[in-house]
Each structure stands twice: as structure tokens, then as C-alpha cells.
2 protein chains.
Amino acid sequence: MTSSPEFSELLRSSELRVTQPRIAVLAAVHDHPHASTDALIDAVRRALPEVSHQAVYDSLHTLTTARLIRKIQPAGSTARYESRIGDNHHHVVCRGCGAVADVDCAVGHAPCLSASNSHGFTIDEAEVIYWGTCPACSAQSG
Amino acid sequence: MTSSPEFSELLRSSELRVTQPRIAVLAAVHDHPHASTDALIDAVRRALPEVSHQAVYDSLHTLTTARLIRKIQPAGSTARYESRIGDNHHHVVCRGCGAVADVDCAVGHAPCLSASNSHGFTIDEAEVIYWGTCPACSAQSG
DNA sequence: CTCTTTTCTTGAACGAGTCAAGAAAAGGCT
DNA sequence: AGCCTTTTCTTGACTCGTTCAAGAAAAGAG
């Protein structure tokens with residue numbers, strides 16, 4: 001587990017004020033990859049019982065904008081966050097339970113990015129979501 | 001524009017009851033690719049002024065399940081629908097205004113479907129969303 | 001330590017979507 | 001055609017994730 005001083009440093013290097021809620025949110029996202037906002041609020045309150053949900057929402061937004069964490073929103077799920085950033089990894093989402101796992105892209109380069117400039121759009125990111133069934137749900141139904 | 005009898009036939013061949021709302025919803029999705037539910041409700045009411053929003057929601061759900069239309073939900077947008085189905089095309093979404101356009105995948109085969117470490121997930125679909133800026137928004141900010 | 005700015009608390013509000021009960025209409029059957 | 005069963009639609013309330021807004025608290029510069 002990354003320590004609190006490291007999170008402080010991370011915030012400072014992004015020119016963000018260092019606050020208890022932000023440190024706790026960073027730690028929570030770090031410790032619970034792909035967790036929902038709700039789950040993160042719970043996790044944060046284990047460290048700071050009195051934080052408001054709004055503080056967590058604000059922190060998540062600020063940290064996402066600063067690119068210290070990343071927000072993902074697969075269809076049908078509420079917002080989820082992860083601290084693994086900067087690499088071009090993607091996600092598998094279970095149709096049954098909504099579980100999310102990381103996937104390194106099988107092709108070495110960003111997939112299909114050569115599709116750029118279609119319809120005059122300037123493309124800056126290709127997001128890939130794999131849909132399927134997780135081991136637990138597979139076992140249950142088959 | 002595809003005609004009403006054709007939509008009826010489409011419904012019948014999926015063993016769905018043929019109702020006015022369903023025909024109107026099929027027509028609306030056909031005529032307004034990537035439209036939001038709200039926009040579709042408006043479009044449907046041009047043909048059937050009295051339909052309830054619930055009937056449209058129900059129809060969209062039924063038609064999606066029957067795979068006569070497809071639902072897409074880019075992060076930050078409400079649900080959108082399209083009638084182009086069965087081919088493996090993807091979407092570009094404008095970060096500015098949320099506009100959506102179709103993109104044929106640049107690589108010939110389903111991208112990255114040979115995803116390496118899939119954590120035991122059984123993958124059945126790879127969804128790709130390209131993020132960028134549409135021509136209108138590019139012009140506005142540049 | 002003071003002051004300014006940002007962030008947090010509190011609590012209300014919003015909006016897409018869902019739920020539930022009864023009314024209407026599809027379509028099979030006679 | 002007319003009847004009957006099942007599905008679908010209308011109506012209206014409601015949920016839940018998220019956002020808004022006003023004032024209180026805390027960061028950090030000087």
C-alpha cells in the first residue's frame with residue numbers, strides 16, 4: 001500500500017491542495033481498483049468517518065481532471081475509478097455481475113487508432129471494453 | 001425511409017406483437033441514428049402524439065433485446081440507439097458536444113479480441129469507442 | 001497569525017430510468 | 001365478426017446516482 005506522504009506528494013506535484021479527503025480518496029482508489037463511488041465513499045469513511053459524500057465526489061472529480069485517477073463508466077454501471085493510469089490498458093466487464101478486470105491490449109499498439117479522421121473527427125483516445133462473463137458467473141449458470 | 005409494413009414484418013419475424021408504438025419507435029431509430037431516448041420520444045410523438053414515455057422505454061427495451069436495434073451508452077451521455085446492427089462497426093464520440101458518428105474498424109478483424117490475460121472471463125464482444133472532437137467543436141475552439 | 005482562496009458540510013434538487021396498477025389493444029379461436 | 005387471454009400501454013409515483021448552492025471550515029501564502 002502506498003503511504004499517505006506519497007499521496008501528498010502526488011497532489012502537490014499536480015498543484016492541488018493537500019487535504020485529508022483527497023488523500024483518503026487516493027488511497028481508497030488505489031486499494032480498490034474499479035470500485036464504484038458508493039464503495040469508495042465507504043472505504044474513505046473507514047479512514048475519515050465524517051467525510052461528506054460531496055467531498056468524495058469533488059475529490060474524485062478533481063483527481064480525475066488532474067489525471068491522478070481515471071474514471072470508467074461501462075454501460076449499465078455507475079462510475080468506477082482506478083489508479084492505474086498512463087498505460088493503454090482496457091477492461092473486461094461481466095454482463096452478469098458487472099465485475100471489471102484489467103486487460104492489456106493484445107496488439108502492441110493502440111487498437112484501430114488508424115481509424116482517425118473519420119467524419120472529420122480528431123480522435124485522441126480509443127477506449128475498448130470487452131463484454132463477457134466472469135468466472136464466478138460462468139460457474140453459476142453453466 | 002423504410003416503410004411501416006416493413007417494420008411490421010420485422011417485428012413479426014422476431015415474434016413480437018405489432019403495435020403502433022413499436023413501429024413508430026423503429027421508424028424513429030431508423031431515421032435518427034444515435035438519437036437519445038428523449039429525442040426519440042419527440043420523434044415518435046410526431047407520428048403518435050399520445051404515446052407515453054414509458055411505451056417508448058418499453059419498446060426500446062424490447063427491440064434491443066430482440067436485437068432489432070442496438071443501444072449505446074458512451075460515458076457522460078444518456079442512452080442512444082441505432083438501427084445499424086449485425087456489422088462490427090464502432091463509434092466516435094465528441095468530448096465537446098457528445099455527437100456520435102459511425103466508424104468502420106480500421107483493422108479487418110475484431111480488434112484485440114485475442115485479449116491476452118482475460119482473468120478467466122469469457123469474452124463475447126469487443127466494444128470500441130473513439131474519443132475526440134467533432135468538426136463543429138474543433139472550429140469553435142480553434 | 002491573518003487573510004484570501006479553495007474545499008468541505010449540509011441539505012435540497014435534478015433527471016434518466018424504473019416500478020406498479022389498472023385500462024387498452026393484439027391476435028388466436030370459435 | 002365477436003370473445004377471451006395475454007401482452008402492452010397509460011398514468012403517476014418513485015428511486016438513485018449525481019449535481020447544485022450557501023455558508024462553514026481548512027489550506028497555504030504573506
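Each chain gets a letter, A, B and so on, in the order the sequences are listed, and its residues count up from 1. All values below come from the heavy atoms of this structure, side chains included, with hydrogens, waters and symmetry mates left out.
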Between [X] ([atom1]) and [N] ([atom2]), how many Å, whole number?
X       : N      : atom1 : atom2 : value
B:His61 : C:dA16 : NE2   : P     : 19 Å
A:Leu11 : C:dT6  : CG    : P     : 16 Å
A:Arg12 : D:dA29 : CZ    : C1'   : 14 Å
A:Ile41 : C:dT9  : CD1   : C1'   : 13 Å
A:Leu16 : D:dG28 : CG    : C1'   : 14 Å

With sequence neighbours left out, write down each residue that passes side chain to side chain contact (heavy atoms under 4.5 Å, CB included) with A:Thr37, or none if nothing qualifies.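 A:Ile41, A:Tyr57, A:Leu60, A:Ala79, A:Tyr81.
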Quick check for you: among C:dC8, C:dT5, C:dA26, whose closest atom lies nearest to any side-chain atom of A:Arg17?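 Taking heavy atoms from C-beta onward, the closest nucleotide is C:dT5.
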Which one, D:dT18, D:dC9, C:dG17, comes nearest to the side chain of B:Ala79?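 Output: C:dG17.
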Is the A:His89-A:His91 ring centre distance short of 6.0 angstrom?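 Yes - the distance between ring centres of A:His89 and A:His91 falls below the 6.0 Å cut-off.
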Check A:Asp124 with B:Arg95, please: is the shortest side-chain N to carboxylate O separation under 4.0 Å?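 Yes, B:Arg95 and A:Asp124 are salt-bridged.
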Hey, is the side chain of B:Thr19 poking within less than 4.0 Å of OP1 or OP2 on D:dC9, counting only N and O atoms?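 B:Thr19 to D:dC9 OP1/OP2: side-chain N or O found under 4.0 Å.
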Taking only side-chain nitrogens and oxygens of B:Thr37, does any of them come within less than 4.0 Å of OP1 or OP2 of C:dG17?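 Indeed, a polar side-chain atom of B:Thr37 lies that close.
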When you measure from every atom of DNA chain D, which of residues 45-60 of chain A have a heavy atom less than 4.0 Å away?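 The answer is A:His53, A:Gln54, A:Tyr57.
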On DNA chain D, compare the nucleotides closest to A:Asp38 and B:Gln20; which residue's is nearer the 5' end?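 Whichever sits nearer the 5' end wins; that is B:Gln20.
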